[in-house]
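Below: one structure, written as structure tokens.
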Amino acid sequence: MDDTEYGLFVDWDKMETGGQELSPKVLNCTDFQELKQLSRQGYWAKSHSLRAKVYQKLIKEIPCRTVTPDSSVYRDIVGKLVGKRNASTLPLPEFVDDRQVPSYCLNSEGIGAVRKILLCISNQFPDISFCPVLPSLVALLLHYSQDEAECFESVSRILACNDPNRRLVDQTFLAFESSCMTFGDLAGKYCQGPHKLMVAVSEDVLEVYSDWQRWLFGDLPFTYVARLFDVFLVEGYKVLYRVALALLKFFHKVRGGQPMESNNVKEDLQTFVRDIGKSVTPEKLLEKAFAIRLFSRKEIHLLHMANEKALQQKGITVKQKRQNVHLAVHAENFKSEIVSVKEMRDIWSWIPERFALCQPLLLYTNQEHGNSLSR
């Protein structure tokens, strides 16, 4: 096992480790296109130490703010912040949405280390107001760090990225909600069959799509999320949308013919993603993700900016804590003799998310306004 340098926090009995001795030991590649192909192919996926070295190299190349907390900062503050408390019972910061921290095959020391690192990140990044993927990110990177301080520095660099053309992690509710709306727009355009299924079995399709990041960082098994992260570090945020859309496509293929109740489609999706190993390999998932055509970074950026602007116009700010801004038509405020509430929700699900933020308003009915063309 190549766990002598990395893997202090790993429970090796839970890890899939076949083929380690046949895996490559070094990566000599600087060309972006070649690196992209290698990451998609899983070139470093079977060597724990090589993947760790690649991650450290790629993260060190992220352009960051001048003052970005590093490993020495962590060593200075961790003792003061944690004190004598048991690491495994430390409270999670508010911005992680109080959801369960994935263990990702970590040992007990690693599970405690995740909470210590999150506490220190909360101390050093006071501007983060909502970042539910962060526990998963920390748990994943602990696998490929020599100690807690190195993991803290890696996560800090990802959070402190200041390249305007490189979006990595949503850190506000405004950005998070905008990404959910953008995912809904992309699903309606590029996954029409699965999208129709989601509309048919859910009252509020955006509430279903609001879990799209959780499918990736929380529900996906460790082997899959590590393969996703391989590509994410090279290609960026667009990869997350691609893989989440691929999950939606596979869910539709595997579960589309089976009856589903509207009150548990979120749970059905979550269960499917957690058990994805029964039906889809990591290779097939990535293959499906990159088979989606006509999908550009520019399109995602424009959708995200338009959705963010629409949310701001509804009063959502960068300081906002999580609130319900989902887009379903409210049954108690909707009246029509032509379409039902469910039919109106179906219609509403097909218009761009930024316009669906508004409730439908009746402008004309011949019962009230008559049918005279002159009026």
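If you're wondering where the values come from, they're calculated on a predicted model, not measured in any experiment.
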Handout entry: Non-hydrogen atoms of Lys249 and Cys191 that approach each other most closely
Key = CE-SG, 3.6 Å
Practice task
Assert yes or no for the condition that the ring centre distance of Phe222 to His143 is strictly below 6.0 Å.
Solution key: yes
Handout entry: Short side-chain donor-acceptor distance under 3.5 Å, Asp230 and Tyr43
Key = no
Practice task
Answer with yes or no whether the side chains of Glu177 and Asn307 bring together a donor and an acceptor at under 3.5 Å.
Solution key: no
Problem - Under 3.5 Å: donor-acceptor pair, side chain of Arg242, backbone of Ile292 - result: yes
Practice task
Check the side chains of His195 and Tyr209 for a donor-acceptor pair under 3.5 angstrom, ignoring hydrogens and angles.
Solution key: yes
Practice task
Output yes when a side-chain donor or acceptor of Glu150 lies under 3.5 Å from a complementary backbone atom of Gln146, and no otherwise.
Solution key: yes
Practice task
Using modelled atom types only, decide if a donor and an acceptor are shared between the side chain of Ser71 and the backbone of Ala149 within a distance under 3.5 Å.
Solution key: no
Exercise for the section: State plainly whether the residues Glu299 and Lys189 are in salt-bridge range, i.e. N to O under 4.0 Å. Expected result: yes
Handout entry: Donor + acceptor pair across side chains of Arg167, His304 (<3.5 Å)
Key = yes
Exercise for the section: Calculate, to the nearest 0.5 Å, the distance between atoms OG1 and CG belonging to Thr223 and Leu228 respectively. Expected result: 12.5 Å
Problem - Salt bridge present between Arg40 and Glu287 (N-O < 4.0 angstrom) - result: no
Exercise for the section: Starting at CG of Leu247, measure out to CG of Asp219 and round the result to the nearest 0.5 Å. Expected result: 9.5 Å
Exercise for the section: Answer yes or no: is there a side-chain heavy-atom contact under 4.5 Å between Ser179 and Tyr241? Expected result: yes
Practice task
Using a 4.5 Å cut-off on heavy atoms from C-beta on, say whether the side chain of Pro221 contacts that of Ile276.
Solution key: yes
Handout entry: Ring centre gap for Trp215 and Phe251 strictly below 6.0 Å
Key = no
Problem - Any donor-acceptor N/O pair, Asp211 side chain to Arg214 backbone, under 3.5 Å - result: no
Problem - From Leu58 atom CG to Gln56 atom CD, the distance as rounded to the nearest 0.5 Å - result: 10.0 Å
Handout entry: Pair Val96-Cys131, side-chain contact (heavy atoms from CB on, under 4.5 Å): steps then yes or no
Key = CA-CA 5 Å; Val96 303; Cys131 191; 5.7 Å; no
Practice task
Report the distance from atom CD of Gln270 to atom CG of Asp268, rounding to the nearest 0.5 Å.
Solution key: 10.0 Å
Problem - Whether Asp70 side chain and Val73 backbone form a donor-acceptor pair below 3.5 Å - result: yes
Exercise for the section: Look at the side chain of Gln171 and the backbone N and O of Leu159, then say whether any donor-acceptor pair between them is shorter than 3.5 Å. Expected result: yes
Problem - Side chain proximity check, Phe95 to Ser129, heavy atoms < 4.5 angstrom - result: no
Problem - Distance-minimising heavy-atom pair for Leu240 and Phe217 - result: CD2-CE1, 3.8 Å
Handout entry: Derivation and outcome, side-chain contact (heavy atoms from CB on, under 4.5 Å), residues Ile300 and Leu303
Key = CA-CA 5 Å; Ile300 291 172; Leu303 279 173; 5.8 Å; no
Completion exercise
On a heavy-atom basis, the closest approach of Phe232 and Leu168 is CZ-O, 3.4 Å
Exercise for the section: Check whether any side-chain heavy atom of Thr68 sits under 4.5 Å from a side-chain heavy atom of Arg65, and report yes or no. Expected result: yes
Exercise for the section: Walk me through it: do His48 and Trp12 pass the test side-chain contact (heavy atoms from CB on, under 4.5 Å)? Expected result: CA-CA 11 Å; His48 198 87; Trp12 290 102; 3.6 Å; yes
Problem - Closest non-hydrogen atom pair, Val231 against Ser39 - result: CG2-O, 3.7 Å
Exercise for the section: Look up atom OG1 in Thr182 and atom CD in Glu308, then write down how far apart they are to the nearest 0.5 Å. Expected result: 9.0 Å
Exercise for the section: With the side chain counted from C-beta on, respond yes when Gln124 and Phe152 share a heavy-atom pair under 4.5 Å apart, and no when they do not. Expected result: yes
Practice task
Check the pair Leu216, Val225 against side-chain contact (heavy atoms from CB on, under 4.5 Å), reporting the backbone distance first and the verdict last.
Solution key: CA-CA 7 Å; Leu216 305 177; Val225 78; 5.7 Å; no
Using residues 104-114 as the side-chain source, report each donor-acceptor pair under 3.5 Å to any protein atom, sequence neighbours left out, with the distance given to one decimal.
{"from": "Tyr104", "atom 1": "OH", "to": "Gly218", "atom 2": "N", "distance (Å)": "3.4"}
{"from": "Asn107", "atom 1": "OD1", "to": "Glu109", "atom 2": "N", "distance (Å)": "3.3"}
{"from": "Asn107", "atom 1": "OD1", "to": "Gly110", "atom 2": "N", "distance (Å)": "2.8"}
{"from": "Asn107", "atom 1": "ND2", "to": "Leu8", "atom 2": "O", "distance (Å)": "3.1"}

Fill in the blank from the handout: SG (Cys161) and CD1 (Ile62) are apart, to the nearest 0.5 Å, by 6.0 Å
Exercise for the section: May I ask you to test the Lys116-Leu81 pair for a side-chain heavy-atom distance under 4.5 Å? Expected result: no
Problem - Side-chain donor-acceptor pair present, Glu207, Ser202, cut-off under 3.5 Å - result: no
Practice task
Report yes or no: do Phe183 and Met305 belong to one cluster of Ile/Leu/Val/Met/Phe/Trp/Tyr joined by side chain heavy-atom distances under 4.5 Å?
Solution key: no
Problem - Over 12 foreign heavy atoms within 6.0 Å of NZ, Lys36 - result: yes
Practice task
Could you check if a side-chain atom of Asp275 sits within less than 4.5 angstrom of a side-chain atom of Lys278, using non-hydrogen atoms only?
Solution key: yes
Problem - Hphob cluster co-occupancy, Ile121 + Val67, side-chain heavy atoms under 4.5 angstrom - result: no
Practice task
Answer whether the closest heavy-atom distance between the side chains of Leu92 and Arg115 falls below 4.5 Å.
Solution key: yes
Practice task
Decide whether Tyr74 and Glu148 meet the rule of one side-chain donor and one side-chain acceptor closer than 3.5 Å.
Solution key: yes
Practice task
Examine Trp44 together with Tyr55 and report whether their ring centres are nearer than 6.0 Å.
Solution key: no
Problem - Lys57/Glu61 ion pair, N-O < 4.0 Å - result: yes
Exercise for the section: Answer with yes or no after comparing the ring centroid distance for Phe176 and Phe130 against a 6.0 Å cut-off, counting only values under it. Expected result: yes
Handout entry: Hphob cluster co-occupancy, Leu174 + Leu302, side-chain heavy atoms under 4.5 angstrom
Key = no
